[in-house]
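Below is one structure, written out as structure tokens; comments come after it.
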Amino acid sequence: MGFPLLYQHPPLSITTLMPASGPKFPVYPKYKASATEKEISIFGQKSTQLLSSKWFADNLRSGPVNFFLSGSLALALSLAGVGIAEGKVGVNKPELLPKEFTPVIDVAGFLSDGQENRLAEEIAAIEKDTGFKLRVLAQNYPDTPGLAIKDFWKVDDRTIVFVADPTFGNILNFNVGASVDIDVPRSFWGRLAGKYGNMFYWKEKGEDASIEAAVVAIRNCLREPVGANNCSEVK
């Protein structure tokens, strides 16, 4: 059982994605949390290369790449390739979910109450205007509701699950449903993560700033007319 999603960037931080069947991924050097600025730059370049590659487009367009959900953040499947580390126990903690529905769940304490409320209002406006459902989970693995969010949020192919988790350096992680994938270029998510998710940005400005900037960028992207150049800029 897994999310009905086509595309993930970087690894989904509520769980881990593993390739079940289908084509093998090109392997690039693994990202290291202790990487220098040069190494991070190389990581981003490799991500962009794979994201825009004919291999990536052909395999996704020929049918969804099959993934099954496992429970480790240490197994890092990203657009930079496949890096395998030692497994960890999966997370499914419904007790960490709020009692009432909200599109923003902050178990990490990155956001103030006021920020959560403003983001919730922004997300409601996005859904009303575009029909797409943005959901934000701020966490520090393994302190997360994990797979419990699937039913709580009723994740479907019009859902963007945005997980803010600095565990692997880049704080911005996205799981994008198939219908979103049709309208939003896949390269957008990589550029967004590179601009507002890198560790230098969120360490200087704060995790909350990265989250808020990402939501604004997603809002602007989803409201652009669909065409050859929509979402070509992160703004």
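Values reported hereafter were calculated over all heavy atoms of this structure, with side chains retained and with hydrogens, waters and symmetry mates removed.
Pairing each heavy atom of I149 with each of V161, the nearest pair is CD1-CG1, 4.0 Å. Between C231 and R191, the shortest heavy-atom distance links the atoms O-NH2, 2.5 Å. Nearest heavy atoms, A148 versus N92: N-OD1, 3.1 Å. Closest heavy-atom contact between N230 and P225: CB-O, 3.1 Å. Between F110 and A164 the shortest heavy-atom distance is CE1-O, 3.9 Å.
In the hydrophobic clustering of ILVMFWY residues, with side-chain heavy atoms under 4.5 Å counting as a link, L192 and V216 come out apart.
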Report task. May I have the step-by-step check of side-chain contact (heavy atoms from CB on, under 4.5 Å) for V104 and L111, ending in yes or no? Result -> CA-CA 10 Å; V104 181; L111 303 167; 4.0 Å; yes
Requested in this report: Dump the intermediate steps for side-chain contact (heavy atoms from CB on, under 4.5 Å) on M199 and N170, then the final yes or no.
Outcome: CA-CA 6 Å; M199 67 174 65; N170 194 305; over 6 Å; no
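Between the N220 side chain and the K235 main chain, a donor and an acceptor come within less than 3.5 Å of each other. Using modelled atom types, no side-chain atom of R158 and backbone atom of G177 make a donor-acceptor pair closer than 3.5 Å. Between the side chain of E121 and the backbone N or O of R118 there is no donor-acceptor pair closer than 3.5 Å. A donor-acceptor pair is defined here as one N or O able to donate and one able to accept, closer than 3.5 Å; no such pair exists between the side chain of N140 and the backbone of D143.
In the displayed structure, E95 atom CD is contacted under 6.0 Å by more than 12 heavy atoms of other residues, nucleotides or ligands.
Interatomic distance, F174 CZ to L134 CG, rounded to the nearest 0.5 Å: 8.5 Å. The CD atom of E224 sits 11.5 Å away from atom CG of D183, with the distance rounded to the nearest 0.5 Å. Atom CD1 in I218 sits 12.5 Å away from atom CZ in R223 (nearest 0.5 Å). The NZ atom of K203 sits 11.0 Å away from atom CD1 of I171, with the distance rounded to the nearest 0.5 Å. In this structure, CD on E122 lies 5.0 Å from CD1 on I126, to the nearest 0.5 angstrom. One distance of note links CH2 of W153 with CZ of F101; it measures 8.0 Å at 0.5 Å rounding.
Looking only at side-chain heavy atoms (C-beta outward), W202 and L172 stay at 4.5 Å or farther from each other. Within the 4.5 Å cutoff, side-chain heavy atoms of P98 are placed close to those of I105. F188 is listed as a side-chain neighbour of V234, based on a closest heavy-atom distance under 4.5 Å. Put simply, the side chain of V136 does not reach to within 4.5 Å of the side chain of P103, judged on heavy atoms. Considering only heavy atoms from C-beta on, V91 comes within 4.5 Å of Y141 through its side chain. With contacts defined as side-chain heavy-atom distances shorter than 4.5 Å, the pair I160/R135 does not qualify. For the pair F162/L137, no side-chain contact is recorded, criterion being any heavy-atom separation below 4.5 Å from C-beta on. Counting heavy atoms from C-beta on, the side chains of F132 and T159 never come closer than 4.5 Å.
A cation-pi geometry, defined here as NZ or CZ lying under 6.0 Å from the six-membered ring centre and within 45° of its normal, holds between K205 and Y201.
A side-chain contact (heavy atoms from CB on, under 4.5 Å) with V184 holds for exactly one of D181, V180, I182; it is V180.
Using a 4.0 Å cut-off between charged side-chain N and carboxylate O, E233 and K195 make no salt bridge. The residues K133 and D156 are annotated as salt-bridged, a charged nitrogen and a carboxylate oxygen being separated by less than 4.0 angstrom.
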